[in-house]
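A quick write-up on the structure given underneath.
Since the model is a prediction, treat every value here as computed from it, not as a measurement.
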Amino acid sequence: MKGLQEIKSEIDRLVSTNGKTELEVVEALHKYYFNKAVTAEIKLYKKKKKKVAQITKDLKISHRRFYKILEDKKVEFTKYNKSKEEESV
């Protein structure tokens, strides 16, 4: 509980100095740490140490969202596409 009280007091201090609401501060922290986690997972993906299924499970996001993140960060990836296979059959 002591750690949580320290975090709350830091958020209150940030709110008073920045003029943002508590939710805006928490949302900014969430975005920062999510991006940090995604960057670490992408490094493992590039080295082929982790698969997309495992990464999306760890980050609790959908496959589509992960592929969109890869596109935004201009990372090469291969994606299984059923529609091309069905057309050739």
Side-chain angles (χ1 to χ4, degrees):
M1 269 322 254
K2 185 178 180 186
L4 184 60
Q5 290 298 333
E6 291 174 10
I7 293 170
K8 286 181 181 179
S9 64
E10 285 295 317
I11 290 174
D12 290 337
R13 186 181 61 76
L14 283 171
V15 166
S16 64
T17 58
N18 289 342
K20 294 184 178 182
T21 65
E22 289 90 350
L23 289 176
E24 289 173 336
V25 171
V26 171
E27 185 65 28
L29 287 170
H30 180 276
K31 285 180 185 178
Y32 171 76
Y33 284 108
F34 179 75
N35 286 334
K36 187 175 178 180
V38 166
T39 303
E41 296 291 338
I42 288 175
K43 287 179 183 176
L44 293 173
Y45 176 76
K46 283 181 180 178
K47 294 178 184 177
K48 299 185 184 212
K49 302 234 179 202
K50 268 191 161 180
K51 294 184 178 182
V52 174
Q54 190 177 10
I55 292 170
T56 55
K57 184 179 177 184
D58 291 345
L59 294 175
K60 298 177 183 166
I61 60 174
S62 69
H63 295 345
R64 289 181 179 176
R65 185 170 176 199
F66 183 69
Y67 286 124
K68 177 66 175 155
I69 291 169
L70 289 177
E71 283 179 12
D72 292 343
K73 293 189 181 245
K74 298 177 182 161
V75 175
E76 287 187 31
F77 62 92
T78 55
K79 188 165 74 169
Y80 179 72
N81 193 351
K82 286 184 177 180
S83 62
K84 288 182 181 177
E85 221 174 274
E86 291 173 0
E87 290 172 4
S88 64
V89 173

More than 12 non-hydrogen atoms from neighbouring residues, nucleotides or ligands closer than 6.0 Å to NZ on Lys20, yes or no?
no
Look at atom NZ of Lys48 and say whether more than 12 heavy atoms of other residues, nucleotides or ligands are closer to it than 6.0 Å.
no
Under the 4.5 Å side-chain heavy-atom rule for ILVMFWY, direct or indirect, which residues accompany Tyr45?
Phe34, Val38, Ile42, Val52, Ile55, Leu59, Ile61, Phe66, Tyr67, Ile69, Leu70, Val75, Phe77
Output the distance between atom NZ (Lys43) and atom NZ (Lys49), rounded to the nearest 0.5 Å.
14.0 Å
For the NZ atom of Lys74 and the CG atom of Asp72, what is their distance to the nearest 0.5 Å?
9.0 Å
What distance do Ser16 atom OG and Ile11 atom CD1 have between them, rounded to the nearest 0.5 Å?
12.0 Å
List the residues meeting side-chain contact (heavy atoms from CB on, under 4.5 Å) with Asp12, not counting sequence neighbours, and say none if there are none.
Glu22
Could you tell me the separation between the CD atom of Glu27 and the CD atom of Glu24, rounded to the nearest 0.5 Å?
9.5 Å
With sequence neighbours left out, write down each residue that passes side-chain contact (heavy atoms from CB on, under 4.5 Å) with Glu10, or none if nothing qualifies.
Arg13
Is Tyr32 reachable from Val26 through a run of I, L, V, M, F, W or Y residues, each pair having side-chain heavy atoms under 4.5 Å apart?
yes
How long is the straight-line distance from CD1 of Ile7 back to CD of Gln5, given to the nearest 0.5 Å?
10.0 Å
Hphob cluster co-occupancy, Leu4 + Leu29, side-chain heavy atoms under 4.5 angstrom:
no
To the nearest 0.5 Å, tell me how far Lys51 NZ sits from Thr56 OG1.
12.5 Å
